[in-house]
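Notes follow once the structure below has been shown.
Below, all heavy atoms of this structure are taken into account, side chains as well, without hydrogens, waters or symmetry copies. From a predicted model like this one, the values you see are computed outputs, not experimental measurements. Naming convention: chains lettered A, B, ... in sequence-line order (proteins, then strands); numbering from 1 in each chain.
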Protein chains: 2
Amino acid sequence: MLLTQSCMIGIRAALAVSVQGKDDIEAYRPIRQIADALDVSFHFLTKILQVLTHAKIMESYKGPNGGVRLAKPPEELFLIDIVEAIDGTSVFSTCLLGLPGCGVETPCPVHDEWAKSKDQIERLFRETSLAKLSDDTCEKLLRF
Amino acid sequence: MLLTQSCMIGIRAALAVSVQGKDDIEAYRPIRQIADALDVSFHFLTKILQVLTHAKIMESYKGPNGGVRLAKPPEELFLIDIVEAIDGTSVFSTCLLGLPGCGVETPCPVHDEWAKSKDQIERLFRETSLAKLSDDTCEKLLRF
DNA sequence: AAGATTTAAGAGTCTGTTGTCAGAAATAGT
DNA sequence: ACTATTTCTGACAACAGACTCTTAAATCTT
Ligand code: FES
Ligand code: FES
C-alpha cells in the first residue's frame, strides 16, 4: 500500500469535513459523526484527527457543539499536506528498491522509469486541493 | 512504501543472480554470496528466496556448489512476477483511499487521477524484464 | 562412511502500525 | 453550581512485517 491506513482515513475525514462544511465552513463537526459517515472506529479516528489538528490542518473545539473544522479554506489545503502530516513524505523520495538516497548518487536500475511515476504521483498529491475533491464528490455523488 | 522490504530485497537478489549468471546461466549462486553482495542478512534473504523458489521463479540446489539460479531465462522474468510472488498484486488494484473495489463500482474522488499513475506503475512492473535490468546494470555500472 | 557445505523449515523475537479504552479537561445549557 | 457533551491524553492490547536462530535434510568431497 502506498499510504498507511491512518493516512487514508485522514484524507477521507478531511474530505468529509470539507463536504459537510460547504454550507457553513465555520461550524465544528463532531468526530463521532464523521466516524459514522466513514464507517471507521471513533477512537481511532480521534487519534488521526489529533495529528491533523497539531499540524494546523484542522482546528478543534471541545464541549457541546464542538468537533473539528478545517483550519484553512479548502482551496488552500492539498492532499500532500495531509500525507506529510501523517505519513511523512518518504513515499516521494525513496528508491523503489529501498537503496539509500534515490537520485542523488548513482541511480539504481529502475530509477529512470520509477522517477517518472514518482513525479506524477507527487504532482497528484501536490496539486489536488480539498476544494476540488469535495466539489467533485458533490457533483458526481461519489463515495468516500 | 510501495513495496515491502522483503519484496525490494527479492528484486535486488533476482537482479544479482541475473547479473552474476551472465557468463554461466546454469550455475547455482550461494545465498550467502548474494547476501554479502546486497549487504542484507543471510537468514532473512534465505526466507525471501524460499518464496521465490516455491513460486518457480528460481531453482535451488543443496550442498556444496549449491545455491539458487533463475528458473527461466531473464528475458522471460518480469518485475511483476517477483512482486506478485512476495507482496501480491494488491498495489495495482486497490483504491488510493482504501475503499473496497477500486474502479468497479462508484469511483472515489481521486480515482481518475490515481488510475493514470497506477496504470503507469503497473506497466513499469509488467514490462520491465530482469534481462533489461541486468543489461543496464552492467553497461552503466549501476548499484543494486 | 564421515565430515563439510548449503538450502529448507519452523519457532521465536522485535518493532511499528492498528485499534481500544479509561480518565482528564473544556465547554454549553440549565 | 451541576450535568451532559465532546475533544485530549496516555496507556495498552492485538497484529503484521521484519528479522534471528536452531535444527533438519540434501549433497559433495575425501
Ligand atoms: S535510486 Fe532507485 S529509484 Fe531512484
Ligand atoms: S476507487 Fe479510489 S482509487 Fe479507484
Side-chain angles (χ1 to χ4, degrees), chain A residues 1-13 17 20 26-71 83 85-88 90-91 94 97-98, chain B residues 1-13 17 20 27-71 83 85-88 90-91 94 98:
Chain A
M1 269 188 298
L2 189 66
L3 305 176
T4 63
Q5 196 71 14
S6 301
C7 191
M8 296 188 293
I9 294 178
I11 294 175
R12 292 172 59 205
V17 170
Q20 293 187 324
E26 300 277 314
Y28 291 98
R29 312 288 164 183
I31 299 180
R32 176 143 264 137
Q33 182 182 316
I34 304 170
D36 288 347
L38 302 183
D39 197 32
V40 300
S41 152
F42 163 71
H43 290 291
F44 190 35
L45 180 59
T46 298
K47 270 286 158 58
I48 297 167
L49 290 181
Q50 275 173 27
V51 176
L52 292 184
T53 53
H54 285 150
K56 310 262 196 244
I57 293 172
M58 291 195 179
E59 289 167 349
S60 65
Y61 198 81
K62 294 179 185 173
N65 303 321
V68 294
R69 69 181 182 194
L70 298 180
V83 174
I86 300 179
D87 276 359
S90 55
V91 185
T94 56
L97 300 186
Chain B
M1 267 188 299
L2 191 65
L3 305 176
T4 62
Q5 194 72 13
S6 301
C7 191
M8 295 188 295
I9 294 178
I11 293 174
R12 292 171 59 206
V17 170
Q20 292 186 323
Y28 290 97
R29 312 288 162 182
I31 297 179
R32 176 143 263 137
Q33 182 182 317
I34 304 169
D36 288 346
L38 302 183
D39 196 32
V40 298
S41 151
F42 163 71
H43 289 293
F44 189 34
L45 180 59
T46 297
K47 272 280 148 61
I48 297 167
L49 291 181
Q50 275 172 27
V51 175
L52 292 184
T53 53
H54 285 152
K56 311 258 195 249
I57 292 171
M58 292 195 177
E59 289 168 349
S60 65
Y61 199 82
K62 294 177 185 175
N65 304 320
V68 295
R69 69 181 183 194
L70 298 180
V83 175
I86 299 178
D87 276 0
S90 55
V91 187
T94 56

Identify every side-chain donor-acceptor pair in residues 58-67 of chain A under 3.5 Å, counting partners at least two apart or on other chains, and give the distances.
residue, atom, partner, partner atom, Å
E59(A), OE1, R69(A), NE, 3.0
E59(A), OE1, R69(A), NH2, 3.2

When every non-hydrogen atom of I57(B) is compared with those of A85(B), the smallest separation belongs to CD1-CB, 3.9 Å
Q20(A) and R29(A): which non-hydrogen atoms are nearest, and at how many Å?
-> O-NH2, 3.0 Å
Could you state the [atom1]-[atom2] distance from [X] to [N], rounded to the nearest angstrom?
X	N	atom1	atom2	result
I34(A)	dT6(D)	CD1	C1'	12 Å
I31(B)	dA9(C)	CD1	C1'	12 Å
D87(A)	dG16(C)	CG	C1'	13 Å
R69(B)	dT6(C)	CZ	C1'	15 Å
Q50(A)	dT6(D)	CD	C1'	12 Å
Y28(B)	dT7(C)	OH	P	12 Å
R29(A)	dT6(D)	CZ	P	14 Å

With side chains defined as the heavy atoms from C-beta onward, is the minimum distance between I48(A) and V51(A) less than 4.5 Å?
-> no
How about T94(A) and L2(B): do any of their side-chain heavy atoms sit closer than 4.5 Å?
-> no
Out of curiosity, L3(B) CG to M1(A) CE, how far, rounded to the nearest 0.5 Å?
->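 The CG atom of L3(B) sits 13.0 Å away from the CE atom of M1(A).
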Interatomic distance, CD1@I11(A) vs CD1@I86(A), rounded to 0.5 Å, equals 7.0 Å
Would you jot down, in residue-number order, the residues of residues 53-65 of chain A having a non-hydrogen atom under 4.0 Å from DNA chain D?
-> H54(A), S60(A), Y61(A), K62(A), G63(A), P64(A)
Would you jot down, in residue-number order, the residues of residues 35-49 of chain A having a non-hydrogen atom under 4.0 Å from DNA chain D?
->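 Output list: F42(A), K47(A).
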Full working for side chain to side chain contact (heavy atoms under 4.5 Å, CB included) between L52(B) and V68(B) | CA-CA 10 Å; L52(B) 292 184; V68(B) 295; over 6 Å; no
In chain order, what residues pass the side-chain hydrogen bond (donor to acceptor under 3.5 Å, both in side chains) check against T4(A), with sequence neighbours excluded?
-> D87(A)
Under 3.5 Å, side-chain donor or acceptor atoms of residues 36-47 of chain A against the rest of the protein: list the pairs with distances, not counting sequence neighbours.
residue, atom, partner, partner atom, Å
S41(A), OG, H43(A), N, 3.3
S41(A), OG, F44(A), N, 3.1
T46(A), OG1, F42(A), O, 2.9

Return the residues of residues 3-12 of chain B meeting this criterion: a heavy atom under 4.0 Å from some atom of DNA chain C. Order them by number, or give none.
->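 Close to the strand, none.
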